[in-house]
Amino acid sequence: MPQPTEPRIAWALSGSGHYLKECVEIIRRLPNVDLFLSEAGAEVVRMYGYELAKLKEGMRVYRDNTASAVPVTFLYEGSYHTVVIAPASSNTIAKCVMGISDTLVTNIYAQAGKCRIPSIVYACDTAPALISEAPGREVWVYPRPIDLENVGRLAVFRDTKVALSIEELERALEQRLQCLSTSSS
């Protein structure tokens, strides 16, 4: 695996389709993004009609196919200035909160924290009731209280910005990129 030559964004997709289309649109607009897919993330990408070959155009794509999540080593080498997990499933949020790093996505988050690389997490379960896109239609979902509590818990983690909407995700990315353009952090 070749190491990126300049620091990039490590964008991780988990097993959620909530605003996946909008997240993919943001990814395509940004320069210097590498994509990290958990097994569930790869399934969701296919379920929502995206071809992995087309997603690979212009970016590196890493899949969850090594037991030790080898691609996370790039975080230690200075290859990434920011980690984004968007959209983040309730399962991924819960694992991040509990310190469980058993997928590529949760391992990326854990290692980013250990390297003090800022993370932006777009949580899916942000309200007691919301409309979410399922393959081919929209559905009402009713996050459990524990899902909502975990989003709040993650929001207080060091070097973590939790976005509760696509607009907040875009603002957080703009702020991070602006910070990088004016400093070395």
Side-chain angles (χ1 to χ4, degrees), residues 4-64 71 74-75 79-93 96 103-109 112 117-127 129-141 143 147 151 154-155 159-181:
T5 56
E6 65 180 75
R8 302 169 65 82
I9 294 173
W11 193 299
L13 294 177
S14 68
S16 173
H18 185 71
Y19 285 96
L20 178 63
K21 176 183 167 216
E22 291 79 358
C23 289
V24 169
E25 288 171 0
I26 294 169
I27 292 167
R28 288 185 172 150
R29 287 195 312 258
L30 291 170
N32 303 321
V33 176
D34 290 341
L35 198 57
F36 294 79
L37 300 172
S38 67
E39 286 184 44
E43 288 176 4
V44 167
V45 163
R46 285 189 304 274
M47 284 173 36
Y48 281 75
Y50 291 97
E51 294 179 38
L52 197 52
K54 287 195 178 193
L55 284 177
K56 288 182 178 181
E57 294 172 5
M59 71 181 81
R60 294 173 186 86
V61 176
Y62 300 100
R63 298 193 51 192
D64 203 349
F74 294 145
L75 295 170
S79 299
Y80 299 100
H81 56 69
T82 308
V83 167
V84 177
I85 304 174
S89 67
S90 59
N91 187 49
T92 295
I93 296 285
C96 290
T103 69
L104 181 56
V105 172
T106 56
N107 207 326
I108 288 264
Y109 178 76
I117 297 171
S119 294
I120 301 168
V121 180
Y122 173 46
C124 297
D125 294 331
T126 58
L130 50 94
I131 296 174
S132 185
E133 186 177 337
R137 66 187 193 286
E138 290 184 340
V139 296
W140 277 96
V141 293
D147 299 326
V151 170
L154 190 63
D159 296 324
T160 299
K161 166 64 178 155
V162 172
L164 303 178
S165 67
I166 280 292
E167 295 78 21
E168 281 188 30
L169 172 62
E170 290 188 290
R171 278 194 302 276
L173 282 163
E174 288 171 18
Q175 290 169 355
R176 177 67 183 144
L177 294 175
Q178 180 64 32
C179 176
L180 289 167
S181 71

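Numbering starts at 1 and runs along the sequence shown.
- For Arg29, the salt bridge (Lys or Arg N to Asp or Glu O under 4.0 Å) test picks out Glu170, with sequence neighbours left out.
- Nearest approach of Arg28 to Tyr50, heavy atoms of both residues: NH2-CD2, 4.4 Å.
- Ile93 has its side chain out of reach of Asp147: every pair of non-hydrogen atoms, C-beta onward, lies at least 4.5 Å apart.
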(message) For a side chain to side chain contact (heavy atoms under 4.5 Å, CB included) check, start with the C-alpha distance between Val151 and Leu164, then their side-chain angles and the critical distance, and finish with the verdict.
(response) CA-CA 9 Å; Val151 170; Leu164 303 178; 3.8 Å; yes
(request) Start with the C-alpha gap between Glu22 and Leu169, add the side-chain angles, then the distance that decides, and say whether side chain to side chain contact (heavy atoms under 4.5 Å, CB included) holds. (result) CA-CA 10 Å; Glu22 291 79 358; Leu169 172 62; over 6 Å; no
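- Residues Asn107 and Asp64 fail the side-chain proximity criterion, which asks for heavy atoms closer than 4.5 Å.
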Would you give me the side-chain donor-acceptor pairs under 3.5 Å for residues 82-91, sequence neighbours excluded?
unit_1: Thr82; atom_1: OG1; unit_2: Arg176; atom_2: NE; d: 2.9
unit_1: Ser89; atom_1: OG; unit_2: Thr92; atom_2: N; d: 3.1
unit_1: Ser89; atom_1: OG; unit_2: Thr92; atom_2: OG1; d: 3.1

(message) With ring-ring contact (aromatic ring centres under 6.0 Å, His included) as the criterion, how do Phe36 and Phe74 come out once you've worked through the C-alpha distance, each side chain's angles and the decisive distance to 0.1 Å?
(response) CA-CA 12 Å; Phe36 294 79; Phe74 294 145; 7.7 Å; no
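- Residues in residues 6-34 take part in no ring-ring contact (aromatic ring centres under 6.0 Å, His included) pair, two or more places apart or across chains.
- With sequence neighbours left out, Tyr122 forms a ring-ring contact (aromatic ring centres under 6.0 Å, His included) with no residue at all.
- Within the 4.5 Å cutoff, no side-chain heavy atoms of Pro7 are placed close to those of Tyr80.
- For Glu168, there are no salt bridge (Lys or Arg N to Asp or Glu O under 4.0 Å) partners at least two apart in sequence or on another chain.
- Under the side-chain contact (heavy atoms from CB on, under 4.5 Å) criterion, Pro31 pairs with no residue, sequence neighbours left out.
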